[in-house]
Amino acid sequence: QAQLVESGGGLVQAGGSLRLSCAASGRTFSWYAMGWFRQAPGKERDFVAGISGGGSHTFYADSVQGRFTISRENIKNTMYLQMNSLKPEDTAVYYCAAHKTNWGSKDVDDYNYWGQGTQVTVSS
């Protein structure tokens, strides 16, 4: 079992920045890829960014490429999402998730542990 807790969400103006954190416990953190997803009201949960267990492989949704950066500190059992140049369309609940394998993927069905989510609101 893995427990994931997100933090760092909030209200920010368009063009601003936020840094989300995901603290993990319950299993060997470095063995598993991690990811960030987001869900806006009335929409499906969408992939945002992913990172392999060792941190060498990162991948992003086209909509956030170049603006968001995913990273992890395995010694602290923590993953991050640095979000810059935020847009109103980035408004959503952001979830961190643990992947079933070390490498990772963009498929929501490949993630088997989820945090409770943190709200990010970007005002225009």
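Here the CD1-OG distance, from Ile51 to Ser56, works out to 8.5 Å after rounding to the nearest 0.5 Å. Here the straight-line distance linking atom OG1 of Thr91 with atom CD of Glu89 works out to 8.5 Å at 0.5 Å rounding. Here the straight-line distance linking atom OG of Ser7 with atom CZ of Arg19 works out to 9.5 Å at 0.5 Å rounding. Here the NZ atom belonging to Lys100 is positioned 8.5 Å from the CG atom belonging to Asp107, to the nearest 0.5 angstrom. Considering OG of Ser124 and NZ of Lys87, their distance stands at 14.0 Å, rounded to 0.5 Å. Distance check: Ser123 OG to Gln13 CD gives 5.0 Å after rounding to the nearest 0.5 Å.
Inter-residue side-chain proximity for Lys76 and Asn74 is flagged as unmet; no heavy-atom pair is nearer than 4.5 Å. Looking only at side-chain heavy atoms (C-beta outward), Leu86 and Leu18 come within less than 4.5 Å of each other. Between Trp114 and Leu4, every side-chain heavy-atom pair lies at or beyond the 4.5 Å cut-off. Here the side chains of Tyr80 and Ile70 are not in contact, with every heavy-atom distance at 4.5 Å or above. A 4.5 Å side-chain heavy-atom check between Val5 and Gln116 finds at least one atom pair inside the cut-off. In this structure, Gln1 and Tyr113 have side chains that are in contact, with non-hydrogen atoms separated by less than 4.5 Å.
Remark: the backbone N or O of Gly16 is not paired with any side-chain donor or acceptor of Asn84 at under 3.5 angstrom. A donor-acceptor pair is defined here as one N or O able to donate and one able to accept, closer than 3.5 Å; no such pair exists between the side chain of Arg45 and the backbone of Tyr94. No donor-acceptor distance shorter than 3.5 angstrom exists from the side chain of Lys43 to the backbone of Arg38, with no hydrogens or angles considered. Between the side chain of Thr118 and the backbone N or O of Gly9, at least one donor-acceptor pair lies under 3.5 Å. Within the 3.5 Å criterion, the main-chain N or O of Ser105 finds a donor-acceptor partner in the side chain of His99. Formation of a donor-acceptor pair under 3.5 Å by the Glu6 side chain with backbone atoms of Cys22 is not found in this model.
The two residues Ala40 and Ala92 come nearest to each other via the heavy atoms N-CB, 3.9 Å. Taking all atoms of both residues into account, the shortest heavy-atom contact from Ser17 to Gln82 is CB-NE2, 4.0 Å. Minimum heavy-atom separation, Val120 to Met83: CG2-CE, 3.9 Å. Smallest separation of non-hydrogen atoms from Gln3 and Gly26: OE1-CA, 3.7 Å. The shortest heavy-atom contact between Phe59 and Gly104 is CZ-C, 3.8 Å. Thr78 and Ser21 get closest at one heavy-atom pair: CG2-CB, 4.4 Å.
Hydrophobic clustering, with ILVMFWY side chains joined whenever heavy atoms are under 4.5 angstrom apart, keeps Met79 apart from Phe47. No path of Ile, Leu, Val, Met, Phe, Trp and Tyr side chains, each step under 4.5 Å between heavy atoms, connects Trp103 with Val48, placing them in separate hydrophobic clusters. Hydrophobic clustering keeps Trp36 apart from Tyr111 (ILVMFWY residues linked when any side-chain heavy atoms are closer than 4.5 Å, directly or through intermediates).
Under the salt bridge (charged side-chain N to carboxylate O under 4.0 Å, His left out) criterion, the residue pairs touching residues 61-71 are Arg67-Asp90, with sequence neighbours excluded. The stretch residues 15-34 participates, sequence neighbours left out, in no ring pair (Phe, Tyr, Trp, His ring centres under 6.0 Å) pair at all.
Remark: aromatic rings of Phe37 and Tyr95 are distant, center separation not under 6.0 Å.
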